[in-house]
*Asks:* 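Just passing along the structure, written as structure tokens.
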Amino acid sequence: MKIIVNRGFENMLARVVVFKNARPIVVCPIQKDFCEMDAKEGDHIEIKLKALGMISLASFTYQEGKDTIYIHPTLLC
């Protein structure tokens with residue numbers, strides 16, 4: 001699964017943390033706009049923005065065949 005996060009150019013210090021089944025599994029590097037992870041049908045995925053605290057950006061249950069998600073939280077950054 002590929003998660004693409006458009007966080008804007010002026011706010012690159014915010015990190016994106018991906019949780020799978022309530023456990024943090026991926027921290028998207030500041031230099032990249034995407035991260036990849038393995039997911040199985042029914043896994044609960046939550047994506048949060050970590051800057052001064054944690055802000056939830058998206059929460060969903062993974063469905064087979066939907067392997068790319070695009071998030072545009074630039075205003076939250």
*Asks:* Hey, quick one: are Val26 and Val17 part of the same hydrophobic cluster, counting side-chain heavy atoms closer than 4.5 Å, chains of contacts allowed?
*Replies:* no

*Asks:* Please determine whether residues Ile55 and Val18 belong to a single hydrophobic cluster, defined as Ile, Leu, Val, Met, Phe, Trp and Tyr linked transitively by side-chain heavy-atom distances below 4.5 Å.
*Replies:* yes

*Asks:* Which heavy atom of Lys40 sits nearest to which heavy atom of Tyr62, and what is that distance?
*Replies:* O-CD2, 3.3 Å

*Asks:* According to disulfide (SG to SG under 2.5 Å), does anything in residues 30-69 pair up with another residue at least two apart or in another chain? List the pairs.
*Replies:* Cys28-Cys35

*Asks:* Tell me, do Val16 and Leu49 make a side-chain contact under 4.5 Å, heavy atoms counted?
*Replies:* yes

*Asks:* Can you tell me how far apart CD1 (Ile3) and CG (Asp67) are? Round to the nearest 0.5 Å.
*Replies:* 11.0 Å

*Asks:* Verify the cluster assignment for Ile25 and Phe60: are they in a single hydrophobic cluster under the rule of side-chain heavy atoms below 4.5 Å apart?
*Replies:* yes

*Asks:* Where do Lys48 and Ser56 come nearest, in terms of heavy atoms and distance?
*Replies:* CG-CA, 4.0 Å

*Asks:* According to a hydrophobic-cluster definition based on side-chain heavy atoms being under 4.5 Å apart (Ile, Leu, Val, Met, Phe, Trp, Tyr only), do Leu57 and Phe19 belong together?
*Replies:* no

*Asks:* How about Lys50: does its NZ atom have over 12 heavy atoms from other parts shown lying under 6.0 Å from it?
*Replies:* no

*Asks:* Working to the nearest 0.5 Å, report the span between CD1 of Ile45 and CG of Asn21.
*Replies:* 6.5 Å

*Asks:* For the backbone of Asp38 and the side chain of Lys20, can you confirm whether one donor and one acceptor N or O come within less than 3.5 Å of each other?
*Replies:* yes

*Asks:* Same cluster or not: Met37 versus Val27, using hydrophobic residues (I, L, V, M, F, W, Y) connected whenever any side-chain heavy atoms lie under 4.5 Å apart?
*Replies:* no

*Asks:* Between Glu41 (side chain) and Glu64 (backbone), is there a donor-acceptor pair under 3.5 Å?
*Replies:* yes

*Asks:* Mind checking the CD-CG spacing from Gln63 to Asp43? Nearest 0.5 Å is all I need.
*Replies:* 12.0 Å

*Asks:* Identify the heavy atoms of Met1 and Lys66 that sit nearest to each other, and give their distance.
*Replies:* CE-O, 4.2 Å

